[in-house]
**Student:** 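Have a look at this one before I ask anything.
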Amino acid sequence: MSFLKRALPRPDTPAWIKYLLAALAIMVLAHLAHSVLVLGWGATDRLFDDWLYDAVMVGCATVCLARGLTVATAKFAWLALGFSLSCDAAGEVMSSISESLAPNVQRGLYLCFYLGAYVAIVLLARRRLTHPRASLWLDGLAGMLAVGALGCSALFVPVLAATHGGGVAAAFNLAYPLADVLLVAAVVGILTVAGWQVDRPFALIALGFAVTAVADGFFLYMEAHGGYTAGTPLDTLWLLGALILACAAWQPDGGRVRERYTLVAVIAAPVVAGAIAIAVLVEGGVEGALGPSIWLAVAALVAVLLRLLVTSAENVRLIASSSELANRDALTGLGNRRALFNDLRLAVAEATAWHPRLFLLFDLNGFKHYNDTFGHPAGDALLQRLGSRLDRRAGPGGLTYRLGGDEFCALLQVTGDPAELAGDLAGALLESGEHFTIGACYGEVLLGREAHSAEEALRIADQRLYAQKLLSARRPASQEWRDVLLGLLRERDPELDTHVHEVAALARGVGERLGLAAEDLADLVAAAELHDIGKAAIPDAILDKPTALDREERAFIERHTIIGERIIASAPSLRPIATLVRATHERYDGRGYPDRLSGEQIPLAARIIAICDAYQAMTSNRGYWDAMTEQQARAELRRCAGSQFDPRITRVFLDFVASRASEPRRPSMRAGGTPRPAR
């Protein structure tokens, strides 16, 4: 019983099945012992060669049928196998009663064994195989054809030559070897497709069929040449094959086989199939015979050649995929350090003083604080967003890379002012929100003018990046630049200067209510003061036009945030503020400009400034706009909360303006309409 516990580890195996299999194993050993002992005497014992033999076959069929009837999984496969063994057992019982009892019915029952066997292996294979590659299907086909060629050469052709006459008996004699060859070929094909990685039940089934086929082969060959004698160990082989099939029925289901193809199995399959096919062709050439074995061998070689073509195509795809993965950053999908060095060397070789290439090296500011505050998964997501934004901003002709950590690179065609290109791409790496601001310092190099090797370009870019970081750390310079820019705005339009200071005051109050950190609050106020600096480049005829702007004028004035960003970004210490200025005319619903940002994509400070700017504009007189009352302006803000403005910040702003003392405003000539900031 210890053997059966190891051989039948299914927890649902009934005790009577275990005892029955143990009895069947003892009976097979007894039959083998008897056949060996009586071999020299040339006699047979009806007890062993008929009744014990038939009992083993009936018992094995019973075990398989019990598996199909009592276990839900793969029930039809095991019922089919039980049916095949039952047909074989029925034929043996009829033969034991009388060999002259319906001999053709006996032969038909023997052939039904193969019918059930084919159905069983197909059903079991479907449950266990996934979707192998085309090369493995071809391996299976080549294996089937090679085994078929070998079987026909070694078995079918000799039996055919030794078969005389015609009639039903001759047809059955030819059907047996053909059925055996097809059965073994099918098993070999399935094993090959599975990469010879099958579970224990199917492996035992394959072994059982192989033992049965070997026994059939010897029997048919000996029978065709008049050399078969009953009661030899050859008869025990059939019993052993049936016992192995019965044991397979109660093995644990292995489920689907994963693609774990060993190198030896994958290479050996086409090599062995090709060698068998060549051997069959050589043997046919020596014998000068043509027949099904020759055509099957030729077909096997064709399958091996097709497998070679498919494998070559798969290898080309794998090499291309490996090359792509080797040159791509796994997190962002941008080029990695390897790709950068390859492309940089090529760009340096192609760039000239008249047609330079712009190389940019970026380093994020504030990323470590972001990572420490929000965690590494959030940091990875931020890097993915910034990398995608940088790639889009670079355009179709630009190449972008991530060197690792928070360092990015770009290679661009120079189509305009290199400084503007650099500032524009730096803007793609800026993001801010509550309690964080991500900026980017960069070093730029013109390939073909300033650098003539990849190493030199990296060295210069790194030096300039480091220098810019030092400059950005000098916070006092920010105030100096702001004073200069505000002075320019004051000289350009004193009324606009008043507007931005009032917006800055409102923004400070809202920022304090939101609990912004001191540094974030300072950036908010600075961005509010400078949010209209780009209007210094807009003609008065458009700014002061008393009527509605046409499409071209509207497109022109909508560029003032981009112009303002470029002006402010000229000072390294003001680049985070430049990003905020660019986003001050975005809408919460994504219909603003210039980048169509929406919701939380818009920096928090820019969302605050948008509300303060609109409120100050609505409550101020302009040549194209009469001031609303504060009550009307507040109503407009409430109406547009969630579409134009952030609803949460709108509520904070309304609470703020309601609590502060304000002077009454002159009533508006127009009430209603979408609130808008000054042009």
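In this text the structure is predicted, and so the values were computed from the model without any measurement.
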**Student:** As a quick check of understanding, evaluate side-chain contact (heavy atoms from CB on, under 4.5 Å) for Ile602 and Arg587, giving each step before the final call.
**Tutor:** CA-CA 8 Å; Ile602 307 171; Arg587 288 172 54 109; 5.8 Å; no
**Student:** If you look at every heavy atom in Pro603 and Ala583, which pair is closest and at what distance?
**Tutor:**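 Of all heavy-atom pairs spanning Pro603 and Ala583, the closest is CD-CB, 3.8 Å.
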**Student:** Determine whether Leu524 and Arg508 make a side-chain contact, defined as any pair of heavy atoms from C-beta on separated by less than 4.5 Å.
**Tutor:**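 They are not in contact (no side-chain heavy atoms under 4.5 Å apart), so the answer is no.
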**Student:** If you look at every heavy atom in Ala451 and Val445, which pair is closest and at what distance?
**Tutor:**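 That closest heavy-atom pairing would be CB-CG1, 3.7 Å.
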**Student:** Could you state the interatomic distance from CG (Leu360) to CZ (Phe408), rounded to the nearest 0.5 Å?
**Tutor:**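 Going from CG on Leu360 over to CZ on Phe408, the span is 13.5 Å.
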**Student:** Within this structure, what is the CD1-OG1 distance for the pair Ile611 and Thr650, rounded to the nearest 0.5 Å?
**Tutor:**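 Ile611 CD1 to Thr650 OG1: 3.5 Å, rounded to 0.5 Å.
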**Student:** Starting at CG of Leu637, measure out to CZ of Arg651 and round the result to the nearest 0.5 Å.
**Tutor:**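 The CG atom of Leu637 sits 13.0 Å away from the CZ atom of Arg651.
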**Student:** Mind telling me whether His585 and His560 have parallel, tilted or perpendicular rings, with 30° and 60° as the class edges?
**Tutor:**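 Taking His585 first and then His560, their aromatic rings stand perpendicular (interplane angle over 60°).
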**Student:** Taking the side chain as every heavy atom from C-beta outward, state whether Leu514 and Ile608 have any pair of such atoms under 4.5 Å apart.
**Tutor:**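 Side-chain contact under 4.5 Å: yes.
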**Student:** Give a yes or no answer on whether the side chain of Gln384 reaches the backbone of Leu331 with a donor-acceptor pair at less than 3.5 Å.
**Tutor:**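 Indeed, once roles are kept as given, a pair shorter than 3.5 Å links the two residues.
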**Student:** Measure from the side-chain N and O atoms of Arg393 to the backbone N and O of Asp424, and report whether any donor-acceptor pair falls under 3.5 Å.
**Tutor:**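 Side chain of Arg393 to backbone of Asp424, a donor-acceptor pair under 3.5 Å: yes, one is there.
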**Student:** So which of Thr332, Asp343, Asn327 actually passes side-chain hydrogen bond (donor to acceptor under 3.5 Å, both in side chains) with Tyr401?
**Tutor:**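 Of the listed options, the one satisfying the test is Asp343.
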**Student:** Which heavy atom in Thr400 sits nearest to a heavy atom in Ala394, and how many Å separate them?
**Tutor:**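 Scanning both residues, the minimum pair turns out to be CG2-CB, 3.7 Å.
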**Student:** Is any NZ, NE, NH1 or NH2 atom of the basic residue among Glu600 and Arg607 found under 4.0 Å from an Asp or Glu carboxylate oxygen of the other?
**Tutor:**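 Here Glu600 pairs with Arg607 in a salt bridge, since their nearest N and O are under 4.0 Å apart.
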**Student:** Is there a donor-acceptor contact under 3.5 Å from the side chain of Gln601 to the main chain of Ser598?
**Tutor:**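 Pair found, side chain donor or acceptor close to backbone of Ser598.
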**Student:** For a side-chain contact (heavy atoms from CB on, under 4.5 Å) check, start with the C-alpha distance between Leu344 and Leu458, then their side-chain angles and the critical distance, and finish with the verdict.
**Tutor:** CA-CA 9 Å; Leu344 191 56; Leu458 282 168; 4.0 Å; yes
**Student:** Leu530 vs Leu580, test: side-chain contact (heavy atoms from CB on, under 4.5 Å). Steps then yes/no.
**Tutor:** CA-CA 10 Å; Leu530 299 174; Leu580 301 178; over 6 Å; no
**Student:** Is a donor on one side and an acceptor on the other found under 3.5 Å between the side chain of Arg402 and the backbone of Gly405?
**Tutor:**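 Indeed, once roles are kept as given, a pair shorter than 3.5 Å links the two residues.
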**Student:** Mark yes or no for whether Ser643, through its side chain, and Cys640, through its backbone, hold a donor-acceptor pair below 3.5 Å.
**Tutor:**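 It does hold such a pair.
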**Student:** For Arg596, is there any backbone N or O sitting under 3.5 Å from a side-chain donor or acceptor partner on Glu586?
**Tutor:**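 Pair found, side chain donor or acceptor close to backbone of Arg596.
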**Student:** Return the minimal non-hydrogen interatomic distance between Leu425 and Ala410, and the atom names on each side.
**Tutor:**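 Reported closest heavy-atom pair: CD2-CB, 3.6 Å.
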**Student:** Between Phe367 and Tyr370, how do the two ring planes meet: parallel, tilted or perpendicular, split at 30° and 60°?
**Tutor:**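 Plane angle under 30°, so parallel.
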**Student:** Looking at side-chain heavy atoms only, is the closest gap between Leu411 and Leu447 below 4.5 Å?
**Tutor:**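 Side-chain contact under 4.5 Å: yes.
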**Student:** Are side-chain heavy atoms of Ile438 and Asn365 found at a separation under 4.5 Å?
**Tutor:**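 The answer is no; the side chains never approach within 4.5 Å.
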**Student:** Near His452 NE2, under 6.0 Å, is it more than 12 heavy atoms from other residues, nucleotides or ligands?
**Tutor:**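 Yes, the 6.0 Å shell around NE2 holds more than 12 heavy atoms from other groups.
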**Student:** What's the spacing between Phe656 CZ and Leu506 CG if we round to 0.5 Å?
**Tutor:**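 Phe656 CZ to Leu506 CG: 6.0 Å, rounded to 0.5 Å.
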**Student:** So, for Tyr588 and Gly642, which heavy atoms are closest and what is the spacing to 0.1 Å?
**Tutor:**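 Taking Tyr588 first and Gly642 second, the nearest heavy atoms are CD2-O, 3.7 Å.
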**Student:** Do side-chain atoms of Arg582 reach the backbone of Thr561 as a donor and acceptor pair under 3.5 angstrom?
**Tutor:**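 Not confirmed, Arg582 side chain does not pair with Thr561 backbone.
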**Student:** Spell out, as yes or no, whether a donor-acceptor pair under 3.5 Å connects the side chain of Asp595 to the backbone of Leu597.
**Tutor:**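 No, because the side chain of Asp595 does not come within donor-acceptor range (under 3.5 Å) of the backbone of Leu597.
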**Student:** Could you tell me which non-hydrogen atom of Gly564 sits nearest to which non-hydrogen atom of Ile533, and how far apart they are?
**Tutor:**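 So the minimum-distance heavy-atom pair works out to CA-CG2, 3.6 Å.
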**Student:** How long is the straight-line distance from OH of Tyr466 back to CG of Asp363, given to the nearest 0.5 Å?
**Tutor:**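 One gets 12.0 Å once the value is rounded to the nearest 0.5 Å.
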**Student:** State plainly whether the residues Glu455 and Arg345 are in salt-bridge range, i.e. N to O under 4.0 Å.
**Tutor:**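 Yes, charged N to carboxylate O under 4.0 Å.
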**Student:** Go through the steps for Leu429 and Arg389 under the test side-chain contact (heavy atoms from CB on, under 4.5 Å), then give the verdict.
**Tutor:** CA-CA 7 Å; Leu429 295 175; Arg389 201 179 302 161; over 6 Å; no
**Student:** Could you tell me whether Arg591 atom CZ has more than 12 heavy atoms of other residues or ligands within 6.0 Å of it?
**Tutor:**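 Incorrect, the count does not exceed 12.
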**Student:** Donor-acceptor check, side chain of His531 to backbone of Ala528, threshold 3.5 angstrom: yes or no?
**Tutor:**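 Yes: the side chain of His531 pairs with the backbone of Ala528.
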**Student:** How long is the gap from CD on Glu636 to CE on Met618, to the nearest 0.5 Å?
**Tutor:**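 Rounded to the nearest 0.5 Å, the CD-CE separation comes out at 6.5 Å.
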